[in-house]
Amino acid sequence: MTTISANLQAVHARIDAAARKFGRHPSEITLLAVSKTWPASDVREAVASGQRTFGENYVQEALGKRIELADLGLEWHFIGPLQRNKTRLVAETFDWLHTLDRLDIAERLSAQRPDSRPPMQVCLQVNISGENTKNGVALAEVNALAQQIAALPRLTLRGLMAIPAPQEDEAQQRDAFRQLREAFLQLNNNGLQLDTLSMGMSHDLEAAIAEGATLLRIGTAIFGNRKNKL
Ligand SMILES: *Cc1c(COP(=O)(O)O)cnc(C)c1O
């Protein structure tokens, strides 16, 4: 068994254990394999172990891999910061976008999404308290932006995403994820029909599952430590 397939098995075991512990069903939780910095050959290895859904952060890097792996029919999610001048490439090549936080970017994506493809599936990135990045919409502004994005014809708003500041303590990890879940429930109370809570990474997937994550974005625990590479 290769390292990647062993790692994938271990991640699935963690998901199953956490789901059991917190009264969830593993089938409610999608595993997104974050392949940034890793070559197409590593993605192929993960595919050989049954993984079909991959996340990338850098447009150019992702385009190269997509071409190399076009024969496999994989699902690709863009999870990096998105600049205005890259929206067309993302609209043309990705199935999902997790880092939407501005209406002007959303309008460009909707206009640029090719008619030959289904609407782009998007999550709003939320900057929950304690998050040490400038990316993401503030909690107070989530509802207004979500309503505007949900009205765009070529995007389908699926839910919310966050990257909380790293915490060691599971209770603190859960506090951040709980804020995202509460915002998500509020949007559905306000008439939206969202089904995706994109939260949880290699170090905090258990806390994310405890708070209702439906999609985990996992890189290191599957492919290894990027610090040795970059
Ligand atoms: C890199 C990255 C991940 C994966 O993080 P790991 O700690 O390697 O699991 C998840 N989400 C985003 C937005 C990322 O940039």
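Values below: every heavy atom of this structure, side chains too, minus hydrogens, waters and symmetry copies. Remember, it's 1-based here, ligands and their atoms both numbered in the order they're listed. Bear in mind the structure is a predicted one, so any value in this text is a computation, not a measurement.
- Nearest protein neighbour of atom 5 (O) of ligand 1, counting heavy atoms only, is Met201 CE, 3.4 Å.
- Nearest to atom 12 (C) of ligand 1 among the protein's heavy atoms is Ile79 CD1, 3.6 Å.
- In this structure, a donor-acceptor pair under 3.5 Å is present between the side chains of Glu45 and Thr2.
- Remark: the Asn127 side chain and the Asn135 side chain contain no N/O donor-acceptor pair separated by less than 3.5 Å.
- Of the protein's non-hydrogen atoms, the one nearest atom 11 (N) of ligand 1 is Arg217 NE, 2.9 Å.
- Compare Asn57, Ile218, Asn135, Val34 by their heavy atoms: the one nearest to atom 15 (O) of ligand 1 is in Asn57.
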Next on the checklist: Apply side chain to side chain donor-acceptor pair (under 3.5 Å) to residues Arg154 and Ser110 and explain how you reach the verdict.
Outcome noted: CA-CA 5 Å; Arg154 299 291 290 145; Ser110 182; over 6 Å; no

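- His98 does not count as a contact of ligand 1, since none of its heavy atoms falls under 4.0 Å from the ligand.
- In terms of protein heavy-atom proximity, atom 14 (C) of ligand 1 is nearest to Lys36 NZ, 3.0 Å.
- For atom 9 (O) of ligand 1, the closest non-hydrogen atom on the protein side is Ser202 OG, 2.5 Å.
- Note: an N/O pair closer than 3.5 Å links Gly219 and ligand 1 by distance alone.
- Within the 4.0 Å heavy-atom shell around ligand 1 one does not find His203.
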Checklist entry - Are Gln125 and Thr99 close enough, and set up right, to give a side chain to side chain donor-acceptor pair (under 3.5 Å), and what steps lead you there? => result CA-CA 5 Å; Gln125 183 177 353; Thr99 48; 4.8 Å; no

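- When each of Trp76, Phe78, Phe54 is paired with Phe94, the ring pair (Phe, Tyr, Trp, His ring centres under 6.0 Å) condition holds for Phe78 and for no other.
- Within ligand 1, counting atoms from 1 as listed, the ones closer than 4.0 Å to a heavy atom of Thr220 are 6 (P), 7 (O), 8 (O), 9 (O).
- With a 6.0 Å radius and a threshold of 12 heavy atoms from other residues, nucleotides or ligands, Gln147 has its CD atom above the threshold.
- With a 4.0 Å heavy-atom cut-off, ligand 1 is reached by the side chain of Ile163 but not by its N, CA, C or O.
- Heavy-atom proximity to Arg226, at under 4.0 Å, picks out these atoms of ligand 1: 1 (C), 8 (O).
- A salt bridge is absent between Arg24 and Asp16; no separation between the charged side-chain nitrogens and carboxylate oxygens falls under 4.0 Å.
- Comment: Glu211 engages Arg178 in a salt bridge, judged by a side-chain N to carboxylate O separation of less than 4.0 angstrom.
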